[in-house]
Amino acid sequence: MNRADFVHLVRLSEHASADDSLGYRRGVAFFAALGYLWVFACLALAVGIIAWVIGGLGQAGRFNFTRGWLLLFALGLLWATLRALWVRLEEPEGVELRREDAPGLFETLDRIRERIDGPPVHRVYLDSDFNASIRQLPRYGLFGGAINYLNVGLPLLMALDRRRLVSVLAHEYGHLRGNHGRLSAWIYRTRLSWLKLDANFQRNEGLMAFASQAFFRWYFPRFAAKTFALARQDEYEADRVAARLLGTRVVAAALKEISIKSAWYADRFWPGHWALAIDAPLPVGPFSSMAPKFSAPIEEEFARAALRGALRSISDVDDTHPVLRDRLEALDEKPTAPSWSSKSALALLADAPKWIAHFDAEWCSGHANDWKQHHAYLMRVRERVAALAGSAGRNNAEEMVEWADCARRLDADADVRALYDRALEITPNHAGALRGLAQVLPARDRAPRLAMLERLHETSNASQWWAAKTAVSILEDPDAGGHDERALKLWRERAKTAEAAEQRAWEEMTATPLFTQIARHDLSEFELGELRADLVCGGAVARAWVVRKILREFPWRRAYIVFLELPGLTDDERWSLCRELEQTLSLPGAALVLWAGHSPTLAEIERHAFTPVWTRAAG
């Protein structure tokens, strides 16, 4: 099923849910049961054939080749089906907490359960994610009573006060409430089971596996589309459950604070922490420094920008979670900046310092080799900065820009404006210098930034999309100056034109065979270092290859295909990570990110994609 068909089915399910909610839910339940019917039909076929063969032996007393072949087929079908029914779903990651480890947390969960009149949370895990989640897993394969697992992230406990943290827990608990919650939880468990079942069949060969693969290729996308509206409704209902317990203001404040602090966590905290590797050859635990930083108010300008960015997001079919604006509107709350939590919820743990030390040690152990690689890279950058500074009077424009870029890698707040200015004196309209100045000039200097972007747009075809997109962002920022309708209209038209060209380039990248129109990458040492730094900090990538994609329509456009080896992840996790990296990797052009799997295979990548640009050091 292609994306357009999937989106169409999602919209049909949303309309059906709005027109007749009860009928829609019955239809979802019936379609979910169709998957079980397929498994039971296979089981019944196997048992029927075995019974027929054995019954025939009793009557005729002969065992011919046909009966033997049918018996072997039926036994294989029976074995494969029983294995499919006994799918094992992995328990959540983290450290399981006992009541004595977090009495405050367990008392809170008890009160929520009493107020909601819901099922118990059987197991509670503490992990290192900035998140909280609850899910049900069946005890015995596809069947049996469900076990409820709650995961709470240590960073989330640091970021929110107790009432806002409780609102998050109430939201998660709301997924289990009432008859609607039981249906949603059953659908969720069924989806996990079908994913695991499909993975089992992918590893098997034979007629049963082939038939089941064909069935699930048809069934699962339709199942995901038909249940999409149910999953999204369930998120709104869980918000309403939390609001009934703590009030809409608390829930809305928690949603907004999480949105802002999650952006700060990704954009400021982790880059700052990895920057410590320049002076520390051994890894430094992040969690001991995280708590006081979360307790401090987020910089006002960053907070406003992060909230605006979150509010601009539009709900789509890639995620069943509604976006922040939709959730606030459903709660009838305004999208204004929240007050900050005055005290963290770490007191819910009996011994918070013990858990901070535990996750610090775990992080340092898991990232020891990555940290050493990053330390070595930053040392090379420092040496390059020293070399470029030593030859300052002889540097050309490209070297001046490299000097400035390297200095910003070592210190994001480094004052490098003079270096970019000098590059422009040597080579007027140097694209790298114009782009650098547009980035480092203060936000309040809107006119000079727009002037740099104007020059960049006029002189560099390869930079037009970035220049237009950045200019629109500056002009839409109320903190950067008054509204300029004429300039905003001009830059939006330019952005639209550039976006159309980018889309055609992207279509050419994705429509042509992967290993045609490619060449070795053309990344400079600095650009390659930036990419490697992203991969080191990512954690899941074992090896990476980069090739240059030669675009016929845009031969001047720098475009790349990145191939990743991602062991230990499910295909859903690999897909999500690749889509995220397409937006965040430090590459000087569009990037299509793929993982080694069915297409392309690891062997094809090793044969056609030249040599890896990065390999994670062995642990």
Any residue meeting ring-ring contact (aromatic ring centres under 6.0 Å, His included) with Phe228, in chain and number order, not counting sequence neighbours: none

Partner residues of Trp270 under the ring-ring contact (aromatic ring centres under 6.0 Å, His included) criterion, sequence neighbours left out: Tyr265, His273, Trp363

What is the distance from atom [atom1] of [X] to atom [atom2] of [Y], rounded to the nearest 0.5 Å?
X      : Y      : atom1 : atom2 : value
Leu581 : Ser586 : CG    : OG    : 10.5 Å
His374 : Asn369 : NE2   : CG    : 14.5 Å
Gln583 : Cys578 : CD    : SG    : 12.5 Å
Arg446 : Leu441 : CZ    : CG    : 14.0 Å
Glu93  : Asp127 : CD    : CG    : 8.5 Å
His430 : Leu437 : NE2   : CG    : 11.5 Å

Hey, are the side chains of [X] and [Y] touching, using non-hydrogen atoms and a 4.5 Å cut-off?
X      : Y      : answer
His457 : Trp491 : yes
Val593 : Leu564 : yes
Arg382 : Met379 : yes
Thr510 : Trp506 : yes
Leu434 : Leu424 : yes

Arg558 vs Glu527, salt bridge (Lys or Arg N to Asp or Glu O under 4.0 Å): CA-CA, chis, key distance, verdict: CA-CA 13 Å; Arg558 296 179 76 180; Glu527 292 167 342; 3.0 Å; yes

Taking [X] for the side chain and [Y] for the main chain, is one N or O donor matched with an acceptor at less than 3.5 Å?
X      : Y      : result
Glu458 : Arg455 : no
Thr601 : Glu604 : yes
Arg616 : Val541 : yes

Evaluate whether atom [atom1] of [X] has more than 12 neighbouring non-hydrogen atoms of other residues, nucleotides or ligands under 6.0 angstrom away.
X      : atom1 : result
Glu299 : CD    : yes
Arg312 : CZ    : yes
Glu485 : CD    : yes
Glu525 : CD    : no

Aromatic centroids of Trp575 and Trp595 separated by under 6.0 Å: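 No, the ring centres sit 6.0 Å or more apart.
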
Verdict with reasoning, Arg494 to Glu454, per salt bridge (Lys or Arg N to Asp or Glu O under 4.0 Å): CA-CA 11 Å; Arg494 289 174 171 177; Glu454 181 72 37; 2.9 Å; yes

Could you pull out every donor-acceptor pair under 3.5 Å between side chains of residues 469-476 and any protein atom, sequence neighbours left out?
{"unit_1": "Thr470", "atom_1": "OG1", "unit_2": "Trp466", "atom_2": "O", "d": "2.8"}
{"unit_1": "Glu476", "atom_1": "OE2", "unit_2": "Arg492", "atom_2": "NH2", "d": "2.9"}

Whether Phe515 and Phe563 hold their rings parallel, tilted or perpendicular, with breakpoints at 30° and 60°: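 Plane angle under 30°, so parallel.
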
Derivation of the side-chain contact (heavy atoms from CB on, under 4.5 Å) call for Leu328 and Leu311: CA-CA 10 Å; Leu328 294 176; Leu311 292 172; 4.2 Å; yes

Between Tyr24 and Glu14, a side-chain donor and acceptor under 3.5 Å: no

Closer than 4.0 angstrom, basic N to acidic O: yes or no for [X] and [Y]?
X      : Y      : result
Arg408 : Glu530 : no
Glu582 : Arg579 : yes
Arg308 : Asp477 : yes

Qualifying residues under salt bridge (Lys or Arg N to Asp or Glu O under 4.0 Å), relative to Arg520, sequence neighbours excluded: none

Any residue meeting salt bridge (Lys or Arg N to Asp or Glu O under 4.0 Å) with Asp326, in chain and number order, not counting sequence neighbours: none

side-chain hydrogen bond (donor to acceptor under 3.5 Å, both in side chains) involving Thr516 - partner list, sequence neighbours excluded: none

Verdict with supporting geometry, Glu606 and Arg543, side-chain contact (heavy atoms from CB on, under 4.5 Å): CA-CA 11 Å; Glu606 291 176 331; Arg543 286 190 293 173; 2.8 Å; yes

Worked check of salt bridge (Lys or Arg N to Asp or Glu O under 4.0 Å) between Arg409 and Glu402: CA-CA 10 Å; Arg409 158 52 70 183; Glu402 183 185 0; over 6 Å; no

Nearest non-hydrogen partners of Lys549 and Leu514, listed with the distance: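 Minimum heavy-atom contact is NZ-O, 3.7 Å.
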
Test salt bridge (Lys or Arg N to Asp or Glu O under 4.0 Å) applied to Arg422 and Glu425, step by step: CA-CA 5 Å; Arg422 176 57 183 154; Glu425 291 175 6; 3.1 Å; yes

Intermediate values then yes/no, side-chain contact (heavy atoms from CB on, under 4.5 Å), Arg232 and Ser315: CA-CA 10 Å; Arg232 181 159 286 177; Ser315 296; 3.5 Å; yes

Criterion side-chain contact (heavy atoms from CB on, under 4.5 Å) on Asp405 and Tyr420, from CA distance to verdict: CA-CA 9 Å; Asp405 289 344; Tyr420 289 127; 2.6 Å; yes

